[in-house]
Amino acid sequence: MNFELVVEKIKRNIEPYQTEPRSFIYLALNENPYSFPEELIQQCFETMDPTKMNLYVEAPLKEFLKELVEYVSTNGWRAKEEQISVGNGADEIIYVLLLMFKDLSIYVFPPTYSCYEIFANALGVKVNKIALKEEKIDVNSLKEVLNEGCVVFLPNPNNPTGHLFKDEEISWLLNTKALLVLDEAYYEFCGKTFAPLIDEFSNLIILRTFSKAFALASQRIGYILADPSLIDAYNRIRLPYNVSYLGQICAMTALRNRHIFQERVKKIVEERERLKTTLKSLGLNVSDSQTNFVFVYLKPDEAWKIYSALLDRGITVRMTELGLRISVGQPQQNDLLIETMEGLL
Ligand SMILES: Cc1ncc(COP(=O)(O)O)c(C=O)c1O
């Protein structure tokens, strides 16, 4: 073996990470349709300490960690600083967790967030796939296999369907003793979290991100909540300065001004509900998404027809094996989307 063979092998086996090219209206990546408020950008710069720019700044920053503790604490439950760490987006945390647990059996339940498998492939980690049955976890196929030697990656709400799993499904998974990585990337759009359970279950990891509700996808800030011993292990494996100073300042500023984002989340949720109702009234099979996107179940040929017609009008959505995933846009963008779909159906 030499390096050229290694490079060849990678090129043969690993697909490059690709997304659809940007279009006039881009509804393919579940981004926040509203940009980060300009007045807050000013505030970020005022908060930044210019004497820190040349330094390696810790991640998480102490002030940011304090804000995070306040933010994640909920319903009388209070998080501890030792239960939290950060990543370069939730994606990096997923990558690091796969690296940490590469010798265990990894499970995902398709349709699910595609990056679990993409990153596992890049790391040479095998992934076991047990398909959901009508949006439910297939307990029968799993009860003999899940145990403490397994790691389950599950987005809740799910991506691409956007539906929330039932409490009983989550508690069933936790009781198998498998390590459960519950990806709450869309938490703010549904308000449902299992974070307080990290006190009780040392096999529970919660992931969250600033990319969606806080409109900071460009800054790559995610965080992980889990038992202090797991966080300690995670901090030893991840890179020491994995999150930029500017990114952390932006996330902290967003938290300090969260009422602005909460108002916008409300608007996005209203638009999501409008999209769901309208698409259903066109006779489409729409899932009960609790996120910032909607999902329409379609046969591949129907999906392709609608996908192409939307593209012709400059609207990009995401094609999946089971149908189309459409991020909620600004109201006028959603109007254009609906108008195009009405013309087709
Ligand atoms: C379920 C889920 N997890 C994680 C991510 C990635 O988040 P981040 O931008 O923080 O890497 C996404 C992004 O679409 C997602 O849908």
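What you see is a predicted model, and the numbers here were worked out from it, not measured in a lab. Every number for a ligand or one of its atoms is a count from 1 in the order of the listing.
- Residues Asp49 and Tyr245 have side chains that never bring a donor and an acceptor to within less than 3.5 angstrom of each other.
- Counted by atom type alone, Asn156 and Glu184 present zero donor-acceptor pairs between their side chains at under 3.5 Å.
- In this structure, the ring of Tyr223 has its center less than 6.0 angstrom from the ring center of Phe210.
- Ring centroids of Phe261 and Tyr34 are separated by 6.0 Å or more, keeping the two rings apart.
- Ligand 1 is surrounded by Gly89, Ala90, Asp91, Tyr113, Pro155, Asn159, Asp183, Ala185, Tyr186, Thr209, Ser211, Lys212, Arg220, each with at least one heavy atom closer than 4.0 Å.
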Can I get a per-line list of side-chain donor-acceptor pairs under 3.5 Å for residues 262-270, giving both atom names and the distance, sequence neighbours left out?
residue : atom : partner : partner atom : Å
Glu263  : OE2  : Lys266  : NZ           : 3.4
Arg264  : NH1  : Ser35   : O            : 2.8

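- The ring of Tyr71 has its center no closer than 6.0 angstrom to the ring center of Phe64.
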